[in-house]
Amino acid sequence: MHRVVLKSGLTGAIAILAIAAALSTSALAAAAGSGVTFMNGSNHKVDLYTRYGGSSCDSATTAKKVTVDAGQSGSVDSGDSKVCYCLTVPERGDCDGGWLQAAAGSTQRLQ
């Protein structure tokens, strides 16, 4: 009977480790897609006009203006969605020169 209790305790410990590993994997996956970071390497502030949350830049459901001071970084918390961004004020939803795209979890360096 002592052996059964020990085996059950060991099985329980293995189950707990398996659950912890699954949670850690989920946390890492969530962290990998936690949005996009923009690093400004220039000597002047940069205004970015961003969109995310859709299958394309045109259908994106969320828009946000991000100002990044010289030598600083800013981020867009888009979850696991890519971020479309424009360096000029979009006119009627269109970006002059076209929308640039950044994958979720990436860092974009601006010069």
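With hydrogens and angles disregarded, a donor-acceptor distance shorter than 3.5 Å links the side chain of Arg51 to the backbone of Cys57.
For Gln72, there are no side-chain hydrogen bond (donor to acceptor under 3.5 Å, both in side chains) partners two or more places apart in sequence or in a different chain. Listed by chain and number, the residues in a side-chain hydrogen bond (donor to acceptor under 3.5 Å, both in side chains) with Thr107 amount to none (sequence neighbours excluded).
Considering all non-hydrogen atoms of both residues, Asn40 and Val68 come closest at ND2-O, 3.0 Å. Across all their heavy atoms, Thr37 and Ser73 have their closest contact at CG2-CB, 4.1 Å. Closest approach of Ala104 and Ser81 over heavy atoms only: CB-O, 3.5 Å. Contact between Ser59 and Ser55 at its shortest, heavy atoms only, is OG-N, 3.4 Å. When all heavy atoms of Gly35 and Ser78 are compared, the closest pair comes out as CA-OG, 3.3 Å.
Side-chain contact check for Val83 versus Phe38: some heavy-atom pair is nearer than 4.5 Å. Using a 4.5 Å heavy-atom threshold, the side chains of Trp99 and Ser56 count as separate.
With rounding to the nearest 0.5 Å, the separation of CG in Leu100 from OG1 in Thr50 is 12.0 Å. Atom CG of residue Asn43 and atom CG of residue Asp69 lie 12.5 Å apart, to the nearest 0.5 angstrom. The distance from the SG atom of Cys86 to the CG atom of Asp96 is 7.5 Å, given to the nearest 0.5 Å.
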Side chain to side chain contact (heavy atoms under 4.5 Å, CB included) between Gln108 and Val36, intermediate numbers included: CA-CA 7 Å; Gln108 301 300 306; Val36 175; 4.0 Å; yes
CA sep, side-chain torsions, deciding dist, call: Leu87, Val46, side chain to side chain contact (heavy atoms under 4.5 Å, CB included): CA-CA 8 Å; Leu87 298 172; Val46 175; 4.0 Å; yes
Test side chain to side chain contact (heavy atoms under 4.5 Å, CB included) applied to Tyr49 and Asp47, step by step: CA-CA 7 Å; Tyr49 301 88; Asp47 289 325; 4.1 Å; yes
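SG distance check for Cys95 and Cys84: not under 2.5 Å.
One hydrophobic cluster, built from ILVMFWY side chains closer than 4.5 Å, holds both Tyr52 and Leu110.
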